[in-house]
Peer 1: 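Quick one: the structure is below, and I'll ask about it shortly.
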Number of protein chains: 2
Amino acid sequence: MNREELEAEVMDLLQHSELRMTPQRRAIVRRILTIPGHFSADDLVTALDQTQEEASRATVYRLIPVLIELGILREVEHGYDHSHYEVVRDPGHHEHLICQRCGEVIEFVCPAIEEAIVEVCQEHNFRQYQHGLEVTGLCEQCQQEADDQHLSAS
Amino acid sequence: MNREELEAEVMDLLQHSELRMTPQRRAIVRRILTIPGHFSADDLVTALDQTQEEASRATVYRLIPVLIELGILREVEHGYDHSHYEVVRDPGHHEHLICQRCGEVIEFVCPAIEEAIVEVCQEHNFRQYQHGLEVTGLCEQCQQEADDQHLSAS
DNA sequence: CACCACCTGAGACTCAATCTCATCTGGTAT
DNA sequence: ATACCAGATGAGATTGAGTCTCAGGTGGTG
């Protein structure tokens with residue numbers, strides 16, 4: 001799905017919810033869809049400030065939970081900083097490997113994990129909305145660097 | 001492993017790192033090990049304040065990342081509030097089902113997921129330190145209540 | 001085209017988390 | 001024992017992400 005189609009779909013979703021379409025909300029959605037990776041709420045505020053598009057911090061912060069509720073955004077916790085979000089682009093939910101040292105985020109998909117989660121939810125009669133798996137550790141390069149550092153220190 | 005053994009092991013870990021053993025650090029570790037479930041940094045500060053044990057907020061906040069680094073604590077994100085932590089008690093790492101409505105946290109273990117993660121890490125030459133899987137949605141009771149509400153609203 | 005429930009923005013506010021810096025101390029070397 | 005100092009501490013100031021307030025604005029329906 002390309003950006004235009006996605007934007008149309010999202011706008012449609014908003015229109016058919018009980019929400020009003022306002023220039024601010026359109027601007028926020030448009031901006032979100034042009035951000036390639038993860039972003040924080042404040043990144044959004046800053047990005048909107050820099051262009052002529054108008055949407056205040058309060059409005060941005062108010063819209064984010066709504067977009068999560070609608071399944072358009074998903075919260076991604078990096079664990080070190082404040083909240084980050086990403087656009088849900090189905091199909092293919094992905095999980096994250098996060099390097100503790102350099103902060104690199106490697107995305108991967110794993111059907112086996114998806115299936116296992118569905119089974120667990122059935123066992124517990126839990127209705128899954130979203131899930132997020134984050135594996136923290138060291139990426140290939142940082143393993144090398146960390147090991148070198150450790151050797152020279154001892 | 002009971003609490004005394006765990007405490008001894010943790011103290012040993014601290015002693016053999018480059019860290020100094022201070023009364024404050026001992027107090028914090030002892031307190032952490034007596035908390036049954038998840039806790040926030042501020043819960044810890046409050047708990048220490050209430051007893052005669054002494055450790056300032058700054059000291060608590062300074063020690064938490066160290067304990068995570070040592071693998072003694074793990075960060076658990078509830079996503080709605082500030083950071084929460086839990087003691088790593090091996091074997092049997094568990095994942096979390098989190099109810100968006102009432103906040104209940106259901107823990108579960110799933111060897112299939114653990115295995116899948118190990119495989120993915122091997123594929124990416126990633127050295128795993130920790131992982132956390134959080135599934136958000138509705139618990140059994142809240143599904144019922146949310147559905148009832150939805151019906152009466154329409 | 002009038003109406004009003006919903007939306008917005010500026011800025012005050014909250015409070016978890018971090019920083020500062022003067023003082024203290026664990027643990028090693030002497 | 002004891003002197004020494006890198007590392008640790010605490011009280012309080014500071015930061016900053018996120019929330020709240022409230023007066024005024026507006027989308028969209030009847």
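Here is the naming used below: chain letters follow the sequence lines, and residue numbers restart at 1 for every chain. Only this structure's heavy atoms are used, side chains among them; waters, hydrogens and symmetry mates stay out.
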Peer 1: Is the shortest side-chain N/O distance from B/Ser56 to OP1 or OP2 of D/dT9 below 4.0 Å?
Peer 2: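 It does not, given that no N or O in the side chain of B/Ser56 lies less than 4.0 Å from OP1 or OP2 of D/dT9.
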Peer 1: Rounded to the Å, how far apart are A/Met21 CE and C/dC6 P?
Peer 2: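 So the two atoms are 17 Å apart, to the nearest Å.
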Peer 1: Calculate the interatomic distance between A/Ile64 atom CD1 and D/dT19 atom C1'; express it in whole Å.
Peer 2: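 It works out to 13 Å between those atoms.
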Peer 1: Ignoring hydrogens and geometry, is there a side-chain-to-backbone donor-acceptor pair from A/Gln143 to B/Asn125 under 3.5 Å?
Peer 2: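 Yes.
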Peer 1: Tell me the closest heavy-atom pair linking B/Cys139 and B/Cys99, and the distance in Å.
Peer 2: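 Taking B/Cys139 first and B/Cys99 second, the nearest heavy atoms are N-SG, 3.4 Å.
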Peer 1: Rounding to a whole Å, what distance do you find between B/Leu19:CG and C/dT25:C1'?
Peer 2: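 Between C1' of C/dT25 and CG of B/Leu19: 15 Å.
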Peer 1: Quick check on DNA chain C: between B/Ser40 and B/Thr22, whose nearest nucleotide comes earlier from the 5' end?
Peer 2: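 Comparing both residues, the 5'-ward one is B/Ser40.
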Peer 1: It should be established whether A/Gln24 places a side-chain nitrogen or oxygen under 4.0 Å from OP1 or OP2 of nucleotide C/dG9.
Peer 2: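 Checking A/Gln24 against C/dG9: at least one side-chain N or O falls below 4.0 Å of OP1 or OP2.
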Peer 1: Just the rounded figure in Å: distance from P of D/dG10 to CG of B/Leu44.
Peer 2: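 Roughly 14 Å, once rounded to whole Å.
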Peer 1: Do A/Asp43 and A/Thr46 have side-chain N/O donor and acceptor atoms under 3.5 Å apart?
Peer 2: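 Result is no, nothing qualifies.
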Peer 1: Identify which nucleotide among C/dA17, D/dG28, D/dA8 has an atom closest to any side-chain atom of B/Ala41, counting heavy atoms from C-beta outward.
Peer 2: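 Out of C/dA17, D/dG28, D/dA8, the nucleotide with an atom closest to B/Ala41's side chain is C/dA17.
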Peer 1: Any side-chain heavy-atom pair from A/Arg26 and A/Met21 closer than 4.5 angstrom?
Peer 2: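 Heavy-atom side-chain distance check passes, below 4.5 Å.
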Peer 1: Between B/His131 and B/Glu95, do the side chains contain a donor N or O and an acceptor N or O under 3.5 Å apart?
Peer 2: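 Their side chains do contain a donor-acceptor pair, which is all the 3.5 Å distance test asks for.
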Peer 1: Just the rounded figure in Å: distance from C1' of D/dT9 to CG of B/Leu48.
Peer 2: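 Computing the B/Leu48:CG to D/dT9:C1' distance gives 14 Å.
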Peer 1: Between B/Asp42 and A/Ala55, name the one whose nearest nucleotide on DNA chain C is closer to the 5' end.
Peer 2: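 Looking at the nearest nucleotide for each, A/Ala55 comes out on the 5' side.
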Peer 1: Tell me whether the side-chain N or O atoms of A/Arg20 pair up with the base of C/dC7 as donor and acceptor below 3.5 Å, since no angle test is needed here.
Peer 2: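 Checked by distance alone, the answer is no.
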Peer 1: What is the separation between atom CZ on B/Arg26 and atom P on C/dT25, rounded to the nearest whole Å?
Peer 2: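 Value for this atom pair: 13 Å.
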Peer 1: With no angle test and no hydrogens, is the base of C/dG11 tied to the side chain of A/Arg57 by a donor-acceptor pair under 3.5 Å?
Peer 2: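 When only heavy-atom distances are counted, A/Arg57 does not reach the base of C/dG11 through any donor-acceptor pair under 3.5 Å.
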Peer 1: Are B/Tyr61 and C/dA17 close enough that a side-chain N or O sits under 4.0 Å from OP1 or OP2?
Peer 2: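 So the side chain of B/Tyr61 is within the cut-off, an N or O lying under 4.0 Å from OP1 or OP2 of C/dA17.
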Peer 1: With nearest nucleotide decided by heavy atoms, which residue, B/Ala58 or B/Arg25, maps closer to the 5′ end of DNA chain D?
Peer 2: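 Between the two, 5'-proximity favours B/Arg25.
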